[in-house]
Trainee: 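I have a structure here, written as structure tokens, and I will follow up with some questions on it.
The shown structure was predicted, so the numbers you read here are calculated from the model rather than taken from an experiment. Numbering starts at 1 and runs along the sequence shown. Only this structure's heavy atoms are used, side chains among them; waters, hydrogens and symmetry mates stay out.
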Amino acid sequence: MKEKRDKQETAYFGIEKVKKEEAKYILKKVYEALKEKGYNPVSQLTGYILSGDPTYITSHKNARAIVTRVEKDELLEVLVENYFEILEQN
């Protein structure tokens with residue numbers, strides 16, 4: 001039976017280290033493929049993550065198949081985590 005959670009309690013979300021490394025690798029490969037084809041990687045990846053529609057990602061260098069190997073929320077977590085790491089450095 002599912003436990004009810006107090007609305008004031010913060011939920012924990014996180015992916016394991018191996019998944020993070022895979023997501024980073026995939027983001028890098030997809031970014032490179034999008035750049036090579038002349039697309040704006042930020043716009044295309046944003047469209048993919050928000051909609052779940054893989055047609056936002058080029059099939060060049062098998063990027064579309066690669067990006068679907070990880071969940072969208074895992075990609076987003078890696079992106080947000082890296083963004084805050086950069087903020088902390090400045």
Side-chain angles (χ1 to χ4, degrees):
M1 180 160 61
K2 252 186 171 177
E3 202 177 304
K4 284 190 176 182
R5 184 182 310 212
D6 184 339
K7 288 184 182 182
Q8 302 258 339
E9 184 180 324
T10 301
Y12 174 77
F13 180 83
I15 59 175
E16 59 191 65
K17 185 174 174 65
V18 173
K19 280 285 199 182
K20 280 186 184 181
E21 293 306 313
E22 182 181 13
K24 285 180 184 180
Y25 172 81
I26 286 169
L27 283 167
K28 182 178 180 190
K29 292 300 178 187
V30 171
Y31 176 88
E32 290 169 356
L34 288 164
K35 283 290 270 192
E36 282 182 21
K37 291 303 282 183
Y39 295 108
N40 178 331
V42 173
S43 295
Q44 298 306 112
L45 281 163
T46 300
Y48 170 67
I49 290 170
L50 290 176
S51 72
D53 183 356
T55 61
Y56 278 97
I57 307 301
T58 181
S59 58
H60 178 64
K61 290 192 169 180
N62 212 25
R64 189 175 295 156
I66 292 169
V67 80
T68 59
R69 290 195 319 211
V70 294
E71 298 293 325
K72 295 180 317 229
D73 60 330
E74 294 168 347
L75 295 174
L76 183 59
E77 181 176 342
V78 167
L79 291 168
V80 171
E81 183 178 87
N82 283 306
Y83 176 78
F84 283 113
E85 285 174 6
I86 291 167
L87 280 182
E88 288 177 355
Q89 292 173 6
N90 293 324

Trainee: Of all the heavy-atom pairs spanning A65 and T68, show the shortest one and how long it is.
Mentor: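 That closest heavy-atom pairing would be O-OG1, 2.9 Å.
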Trainee: Indicate if Y56 and Y31 have the same hydrophobic cluster label, given that clusters are the connected sets of ILVMFWY residues with side-chain heavy-atom separations under 4.5 angstrom.
Mentor: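 Hydrophobic grouping puts Y56 apart from Y31.
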Trainee: In the structure I gave you, are the side-chain heavy atoms of Y48 and L75 within less than 4.5 Å of one another anywhere?
Mentor: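 Y48 vs L75: side chains touch.
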Trainee: When you measure from the side chain of Q44 to the backbone of I57, do you find a donor-acceptor pair of N or O atoms at a distance under 3.5 Å?
Mentor: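 Not confirmed, Q44 side chain does not pair with I57 backbone.
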Trainee: Same cluster for V42 and F84 if Ile/Leu/Val/Met/Phe/Trp/Tyr side chains link at under 4.5 Å?
Mentor: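 No, V42 and F84 fall in different hydrophobic clusters.
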Trainee: Measure the CD1-NZ distance between I26 and K28 for me, rounded to the nearest 0.5 Å.
Mentor: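 That separation rounds to 13.5 Å.
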Trainee: Just verifying a value: how many Å separate K20 NZ and N82 CG, rounded to the nearest 0.5 Å?
Mentor: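 One gets 9.0 Å once the value is rounded to the nearest 0.5 Å.
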Trainee: I need the E81 CD to K24 NZ distance, nearest 0.5 Å.
Mentor: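 Spacing of CD (E81) from NZ (K24) equals 6.0 Å.
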Trainee: Between Y25 and V80, is there shared hydrophobic-cluster membership here, with clusters defined by ILVMFWY side-chain heavy atoms closer than 4.5 Å?
Mentor: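 Same cluster.
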Trainee: Mind listing the closest non-hydrogen atom pair of V78 and A23 along with its distance?
Mentor: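 It is CG2-CB, 3.7 Å.
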Trainee: G52 and P54: which non-hydrogen atoms are nearest, and at how many Å?
Mentor: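 Here G52 and P54 meet closest at O-CD, 3.1 Å.
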Trainee: About how many Å separate NE2 of H60 and CG of L34, when rounded to the nearest 0.5 Å?
Mentor: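 The distance works out to 9.5 Å.
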Trainee: Could you tell me whether E32 and K61 have a side-chain N and a carboxylate O separated by less than 4.0 Å?
Mentor: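 So E32 does not pair with K61 through a salt bridge.
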Trainee: Rounded to the nearest 0.5 Å, how far apart are CD of E16 and CD of E74?
Mentor: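 Those atoms lie 8.0 Å apart.
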Trainee: Is there a continuous path of hydrophobic side-chain contacts, each under 4.5 Å between heavy atoms, that joins V18 to L27?
Mentor: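 Looking at the clustering, L27 is in a separate group from V18.
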Trainee: Apply side-chain contact (heavy atoms from CB on, under 4.5 Å) to L79 and L45, showing your working.
Mentor: CA-CA 11 Å; L79 291 168; L45 281 163; 5.6 Å; no
